[in-house]
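These numbers were taken from a predicted model, which means no experiment stands behind them. In what follows, residues are counted from 1 in the order of the sequence shown. Just so it is clear, the values below take in all heavy atoms, side chains as well, and ignore hydrogens, waters and symmetry mates.
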Amino acid sequence: METHVKRSIRHCLEMIAPFEASERQKEEGQLQFYRFMVSIYEGMYENPEEYLVFPAPYEEYISKREQRQAGAAKEKEHTSDPKESMLRNAFQQAIQFYTSYFLCLGSKCIGLDESSGALVIEKEKYLDVLEEMRDIYESKYNEGRYEVLAKLGIQNEERENKIYIVHKECRRAMEGLLYLAKAPYGRYRRMNFYRLDYKNAYLESPTVEDICKTLPEESSQIVQKLEEAIAGMKIKTKIKPLRGIVSDFKWKVEYIYKKKNVCGFYADRDYFMLCIHFNHFQNITDFATALQEENEDLFQWFKKQFPERLCSCQSNRKVYFGDEPRRICGLSNRAEIVSPCEEDVENALYVLKKYRNI
């Protein structure tokens, strides 16, 4: 059975962009670094402990928690589990350690040594990198992680108060690293590095088409239908950058019309949620009333798409589906259609078009 750690590693592999070099003359170096990083994730998936990523602490805690909660009523409220969060962050940071290390190196380096292809960084800056990498959970394993990189071919050599870093076989790999790391600072820069996205590294944003390349065919088809449904509107597409590519992080896309969210989706290879935004909780009640008068079956479907939240936070709001009250999150005010089938998509698009008069 796949552990949470392995699922997170697999998610990293699935979220990596298909390889597309930025330029033909730079293709070899970019491809070498791309293949090297993919090989790290592939090796890590097969044997996480070898890469100093440890599944056991999280698995054991989750198993015990599930045993304690067996038979208990599920609460429809926001809950937090600090220990679960800490254990999850620990293994996710360990998974991303190698990519984060290379990004940090590339950001602080001087450049490349033309004769050897090595990445050159001043020793003082290199020590800053090592210090920055200590700012994670379980940093006590960092020395072992650097040894892993050495076994995989990364060589460090100090000369004249500078550190030269190169892959002993892939001599142009650091060229590919540097291209991503030296991209202009922006909201997508870190995401593009994690995803090895050479095509978009220097562009303002990836496109929805780029996202669809990482999704299953059925999810891509839903996105296409959604975009076709709103094609007549002057829509602005907003893509939320990923802070990481481990399994907690999903694509988030919002379609905005006249500065208001109209619809959107959250997605990765294992998950898809289509959202229809109503912008204010009263709009949900009003639309539900109109929908019930028009089509009882569609109304019954509609009210199932709003998860109930029984939390006591200030944003909690009460809406009505006919005579039935329900408390929802007033920060979102949206229908959430999770793992939609073909009928769900048709219903959702009908509701969207009717509510937005398109």
Counterpart residues, ring pair (Phe, Tyr, Trp, His ring centres under 6.0 Å), relative to F54 (two or more places apart): Y141

By side chain to side chain contact (heavy atoms under 4.5 Å, CB included) - contacts of Y202 (at least two apart): Y179, K182, A183, P184

Partner set under side chain to side chain contact (heavy atoms under 4.5 Å, CB included) for S8, not counting sequence neighbours: F91, Q92, I95, V246, S247

Pairing residues for S339 by the side-chain hydrogen bond (donor to acceptor under 3.5 Å, both in side chains) criterion, not counting sequence neighbours: none

Partner set under salt bridge (Lys or Arg N to Asp or Glu O under 4.0 Å) for K213, not counting sequence neighbours: E20

Any residue meeting side chain to side chain contact (heavy atoms under 4.5 Å, CB included) with V338, in chain and number order, not counting sequence neighbours: Y271, M273

Under the ring pair (Phe, Tyr, Trp, His ring centres under 6.0 Å) test, residues paired with Y188 that sit two or more places apart: none

Ring geometry between F321 and F299 (parallel below 30°, tilted from 30 to 60°, perpendicular above 60°): tilted

Residues that H4 engages under ring pair (Phe, Tyr, Trp, His ring centres under 6.0 Å), provided they are two or more places apart: Y58

Sequence neighbours excluded - ring-ring contact (aromatic ring centres under 6.0 Å, His included) pairs with any residue from residues 328-358: F278-Y355, F287-Y355

For D128, salt bridge (Lys or Arg N to Asp or Glu O under 4.0 Å) partners two or more places apart: none

E27: partners by side chain to side chain contact (heavy atoms under 4.5 Å, CB included), with sequence neighbours left out: F19, A21, R24

Those residues that, when tested against Y98, pass ring pair (Phe, Tyr, Trp, His ring centres under 6.0 Å) (two or more places apart): none

Residue pair L180 / L196, side-chain heavy-atom distance below 4.5 Å: yes

Heavy atoms from other residues, nucleotides or ligands near CD of E158 exceed 12 (cutoff 6.0 Å): yes

